[in-house]
Protein chains: 2
Amino acid sequence: MPLLMLKNLPRYECLLAAAKEFPDLDPSACEAFLHLLRAGDECFRAVESNLARHNISQGRFGVLMSLLNNCRGESSPTALSPAELADRTAVTRATMTGLIDTLERDGLVTRVPDTEDRRMMAVGLTEKARTLLHEILPDHFRRMTALMQSLDESERRTLVQLLNKIQEQAAAMAPPPAPLAATLS
Amino acid sequence: MPLLMLKNLPRYECLLAAAKEFPDLDPSACEAFLHLLRAGDECFRAVESNLARHNISQGRFGVLMSLLNNCRGESSPTALSPAELADRTAVTRATMTGLIDTLERDGLVTRVPDTEDRRMMAVGLTEKARTLLHEILPDHFRRMTALMQSLDESERRTLVQLLNKIQEQAAAMAPPPAPLAATLS
DNA sequence: TATTTGTCGTTAGCTCCCTAACCATCGGCC
DNA sequence: GGCCGATGGTTAGGGAGCTAACGACAAATA
């Protein structure tokens with residue numbers, strides 16, 4: 001999340017001053033918003049910088065994790081279609097094509113055509129990818145733990161609850177991607 | 001923040017299960033981390049989509065807001081150097097050159113050489129930019145307010161406190177950009 | 001059976017941001 | 001006064017993600 005803001009957040013007095021010029025500015029809402037984005041961004045960078053050392057971007061990581069997760073719980077053995085992957089990683093299918101291209105080039109996934117539906121492809125993890133993930137993930141998880149270490153269990157629960165409220169609100173405000181058969185026919 | 005994760009966050013039981021395979025995975029830390037990134041990302045998108053309608057990316061917005069803010073409080077009349085802008089918006093100087101290029105092309109900022117130090121430039125807002133900002137900002141602030149509307153004042157304070165703890169931790173983990181004259185001479 | 005509609009994956013072209021390398025200039029030091 | 005490191009801003013090149021458009025195929029419809 002390249003930041004929508006400044007390195008040094010404005011102090012609260014500045015927000016109060018700005019609210020005089022812009023009556024729509026709610027200082028406490030603005031403050032919470034800015035802190036949320038900054039904390040999210042810094043946490044993101046903290047783990048991203050680690051993954052980047054192994055040439056894994058967030059998009060690539062999402063693909064690999066989706067495939068890794070897929071093998072657990074369900075019976076299907078780790079293979080997913082590009083469209084399914086795009087959906088799970090919240091990325092367009094076009095972007096997914098590019099991600100799979102480079103992951104395949106680097107020998108981390110395989111792409112085999114589906115025999116039944118010849119439009120489809122099946123994307124699967126290679127052994128090399130599994131090895132890589134088991135090399136990266138422990139450190140990745142340790143970083144998450146470190147980031148949250150100053151919060152005790154109760155604080156974490158509180159945080160998650162507050163974030164959920166915000167996220168629900170944000171989701172409600174998002175442009176409905178195709179509400180309910182809102183056809184114009 | 002293109003997301004480092006999936007559209008549907010893993011359920012807590014899945015985290016518990018995964019923790020069996022990866023002892024370094026702290027489920028509650030992981031959960032808090034994922035929720036933080038997702039909430040931040042959705043809030044980011046909520047306001048970004050609005051700014052995008054006016055052809056304002058986060059980088060451009062940061063520049064414009066830095067210049068707008070600069071005229072208040074200090075005596076200097078709205079002009080900043082590219083390096084200063086890059087620092088405030090947490091972007092590289094190279095990126096700032098590109099941002100200023102397009103902002104200048106769109107008539108939103110002016111770039112005039114400094115007469116005293118001939119390396120420097122002074123970047124200033126145009127009247128067009130001020131008009132645009134006053135057209136965009138009220139809605140921008142209303143969106144922030146809407147995003148936070150499900151939290152009362154006390155919850156917002158709590159959230160900011162928790163986020164501050166996390167952010168301090170993240171900052172401490174960040175790669176020190178040049179610690180303390182760590183020269184290798 | 002033949003046609004339309006929808007889906008899947010891909011391509012082309014764009015924006016944003018990054019790193020690495022460059023010159024020009026300033027300021028201190030001999 | 002003349003080098004020299006530090007600091008300006010810029011350029012070149014690359015990766016990631018997006019939208020819009022496409023051809024191939026499957027499924028629904030007539």
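Fair warning: this is a prediction, and the values are worked out from it, not measured in the lab. Per chain, numbering begins at 1; letters A, B, ... match sequence-line order.
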Suppose we screen for salt bridge (charged side-chain N to carboxylate O under 4.0 Å, His left out). Which residues come up paired with [X], at least two apart in sequence or across chains?
| X | result |
| --- | --- |
| B/R11 | B/E13 |
| A/R53 | A/D139 |
| B/D106 | B/R60 |
| B/R156 | A/D26, B/E153 |

Sort me out a list of protein N/O and nucleotides 1-5 of chain C N/O pairs below 3.5 Å, or just none if empty.
none

Rounded distance (Å) that lies between atom [atom2] of [N] and atom [atom1] of [X]:
| X | N | atom1 | atom2 | answer |
| --- | --- | --- | --- | --- |
| A/R118 | C/dG6 | CZ | P | 23 Å |
| A/N55 | D/dG14 | CG | P | 15 Å |
| B/D114 | C/dC26 | CG | P | 9 Å |
| B/Q58 | D/dA16 | CD | C1' | 13 Å |
| B/F44 | D/dG17 | CZ | P | 13 Å |
| B/R105 | C/dC14 | CZ | C1' | 12 Å |
| A/L99 | D/dA16 | CG | P | 7 Å |
| B/R45 | D/dC18 | CZ | C1' | 11 Å |

Where protein sits on nucleotides 5-12 of chain D, one letter per nucleotide: B base, S sugar-phosphate only, - none, heavy atoms under 4.0 Å: -BBBBBB-

Check side chain to side chain donor-acceptor pair (under 3.5 Å) between A/E31 and all other residues, then give those that pass, not counting sequence neighbours. none

Among all residues two or more places apart in sequence or in another chain, which pass the side chain to side chain donor-acceptor pair (under 3.5 Å) test with B/R111? B/D101, B/E104

Who pairs with B/H54 by ring pair (Phe, Tyr, Trp, His ring centres under 6.0 Å), at least two apart in sequence or on another chain? none

Going through the distances and angles, do B/Q161 and A/H35 end up as a side chain to side chain donor-acceptor pair (under 3.5 Å)? CA-CA 9 Å; B/Q161 282 166 9; A/H35 277 81; over 6 Å; no

With a 4.5 Å cut-off on side-chain heavy atoms, are A/V47 and B/F33 touching? yes

